[in-house]
Amino acid sequence: MSELLTRYSYESNYGSEHFSESSDDCSNEQALRFRDDFNVLRGRIPNVIDFKNVMEDAADKDPAKTITKGCTDLVQNTIHENGQGFYTDSYHKAELLNGMDRIEISRTSVAETSAHKLFFASLFKNSSPLRVAVKGFNPEKRGTHAITEWVNTLLARKIGLDTFEPLGVLVLDEKSYVITKRKDDIDPMDNTDWSKTLDFPQQQNMIEDIKKIGRSLARVHHLGGYHGDTQLKNIVVDQNGSINFIDWESAVFVNPIRNFDPFILAKAFHDFRVLFGSLARSRMDKGVAFLDKQTEATQLFYFNQYLLDPYIDERMILAESSREQEIDKEKLLDFLDNLHLQISDYIKIGALYASLRRSSRGRI
């Protein structure tokens, strides 16, 4: 058995096998499948993977790998060795999850464009509910994508980003799930109608939210995180007006000392390219239409003003105030200049719409 893995155990009494079928979205196929899978594994003791040891071992084994790749490989090897079951990263979470005796599916709440169905549920132990969000992953080899998302969400929290708290990953032969604590009072940014925002100057509060995206992305990049899928459906606003990213399956985390090499420039550009696409595509094309029906020059003007300029300003502020490392300001300026040039060229040549036209022809 892997040194990274231990088993948490204590006395527990499993109650009745009651699974609620009276909830809002119990017809949701994904939720029903999870309910059945939960029933199969609920009597098993949770497995604890010491994630601190994972991070240390990953750094020692191959410093050239990204942090994401190193940690994911170690976790995946551990799960391969020990088989299907529920895996978590702490004894506290294992205690919380051990002995759950029933589940009630609450509802499904996720944008229609999401590649994975997210639903809410309550897990019960002795009548005490634990409210969770569950994200399912289609059949795959021993939960590869689910493990990556779980690892990346843990890494995001380790560097101080505000994400859903990951409780663990449920890995089966034909299905996997990432389970997080449910977080209320958040709103995905694609739930808002952005199509007329630029036409009405009084919508200043919406413009300020757009500016916050650039500043929030600057913090993620400064800390060595590159999200990979920065569509507005993966960006949420909380009750305090803070902007946070969710859905870390496509993310890559690296040592911040690499923050200016060509690989990192490509990752940063990708985040901005995806973000621009989400803002510029129509609702029909699964965007939010904030920059739709604008000329390339106008799109570039607004994207610079509301996204890229706040991002650059925040990167410089973070560099000046950084205590963790000495940041080479000249290298940072060169990096930001190259990033700005790449984004500007991408928008000016209309690359997004050329891609959409090719995709449209392919569907005919």
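No hydrogens, no waters, no symmetry mates; every other heavy atom, side chains included, goes into these values.
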Is the backbone of [Y] close enough, under 3.5 Å, to the side chain of [X] for a donor and an acceptor to pair up by distance?
X	Y	value
Ser128	Phe124	no
Thr88	Val48	no
Ser322	Leu318	no
Ser122	Leu130	no
Gln299	Leu291	yes
Thr298	Gln294	no
His227	Val252	no
Asp238	Ile186	no
His270	Gly228	yes
Ser321	Ile317	yes

Could you check whether [X] pairs with [Y] (Lys NZ or Arg NE/NH1/NH2 to Asp/Glu carboxylate O, under 4.0 Å)?
X	Y	answer
Lys267	Asp271	no
Arg102	Glu104	yes
Lys65	Asp73	yes
Asp285	Arg283	no

> Does the side chain to side chain contact (heavy atoms under 4.5 Å, CB included) test come out yes or no for Arg219 and Leu223, once each step is laid out?
Replying inline: CA-CA 6 Å; Arg219 182 165 181 258; Leu223 294 171; 4.1 Å; yes
Just so I know, are the side chains of [X] and [Y] near enough to count as touching, which here means a heavy-atom distance under 4.5 Å?
X	Y	result
Asn244	Ile235	no
Val220	Leu161	yes
Ile349	Glu296	no
Leu265	Phe335	yes
Ile79	Val75	yes
Thr66	Val254	yes
Leu300	Ser344	yes
Arg215	Asp313	no

> Strictly under 6.0 Å, is that where the ring centroids of Phe137 and His145 end up?
Replying inline: no
> Could you go step by step and tell me if Ile207 and Asn205 meet the side chain to side chain contact (heavy atoms under 4.5 Å, CB included) rule?
Replying inline: CA-CA 5 Å; Ile207 294 297; Asn205 60 325; over 6 Å; no
Minimum heavy-atom distance [X]-[Y], with the two atoms named:
X	Y	value
Asp193	Met206	O-CE, 3.5 Å
Ala58	Cys71	CB-N, 3.8 Å
Met189	Ile243	SD-CD1, 3.8 Å
Leu96	Lys125	O-NZ, 3.3 Å
Phe290	Leu198	O-CD1, 3.5 Å
Leu97	Phe86	CD1-CE2, 3.1 Å

>> Considering only residues two or more places apart or on different chains, which pairs with a residue in residues 157-166 satisfy side-chain hydrogen bond (donor to acceptor under 3.5 Å, both in side chains)?
In response: Asp162-Lys183
When hydrophobic residues are tied together by side-chain contacts of less than 4.5 Å, even through go-betweens, does [X] share a cluster with [Y]?
X	Y	answer
Leu332	Phe263	yes
Val236	Val134	no
Phe164	Val237	no

Value rounded to 0.5 Å, distance of [atom1] in [X] from [atom2] in [Y]:
X	Y	atom1	atom2	answer
Leu74	Ile147	CG	CD1	11.5 Å
Ile246	Lys233	CD1	NZ	9.5 Å
Arg182	Leu118	CZ	CG	9.5 Å
Leu339	Asp334	CG	CG	12.5 Å
Asn53	Thr78	CG	OG1	10.5 Å
Tyr91	Glu95	OH	CD	12.5 Å

> What pairs with Asp209 under side-chain hydrogen bond (donor to acceptor under 3.5 Å, both in side chains), at least two apart in sequence or on another chain?
Replying inline: none
>> Restricting to side-chain hydrogen bond (donor to acceptor under 3.5 Å, both in side chains), what partner residues turn up for Asp261, sequence neighbours left out?
In response: Arg258
> Going through the checks in order, is the side chain to side chain contact (heavy atoms under 4.5 Å, CB included) test met by Asp229 and Trp248?
Replying inline: CA-CA 8 Å; Asp229 193 13; Trp248 294 90; over 6 Å; no
Have [X] and [Y] got a donor and an acceptor in their side chains that come within less than 3.5 Å?
X	Y	value
Asn240	Ser242	no
Ser282	Asp292	no
Asp187	Asn191	yes

>> List the residues meeting ring pair (Phe, Tyr, Trp, His ring centres under 6.0 Å) with Tyr311, not counting sequence neighbours, and say none if there are none.
In response: His221, Phe272
> Can you list the residues that meet the ring pair (Phe, Tyr, Trp, His ring centres under 6.0 Å) rule with Trp150, with sequence neighbours excluded?
Replying inline: none
>> Can you pull out every ring pair (Phe, Tyr, Trp, His ring centres under 6.0 Å) where at least one residue sits in residues 165-195? Sequence neighbours excluded, please.
In response: Phe34-Tyr177
> NZ of Lys69: more than 12 outside heavy atoms within 6.0 angstrom?
Replying inline: no
>> If you count every heavy atom of other residues, nucleotides or ligands that lies below 6.0 Å from Lys52 atom NZ, does the total exceed 12?
In response: no
> When you look at Arg35 and Asp37, which way does the salt bridge (Lys or Arg N to Asp or Glu O under 4.0 Å) test go after all the steps?
Replying inline: CA-CA 6 Å; Arg35 188 186 63 187; Asp37 290 338; over 6 Å; no
> Knowing that exactly one of Gln231, Lys286, Arg273 qualifies, which makes a side chain to side chain contact (heavy atoms under 4.5 Å, CB included) with Ser278?
Replying inline: Gln231
> Step by step, would you call Leu154 with Val151 a side chain to side chain contact (heavy atoms under 4.5 Å, CB included)?
Replying inline: CA-CA 5 Å; Leu154 287 168; Val151 165; 5.6 Å; no
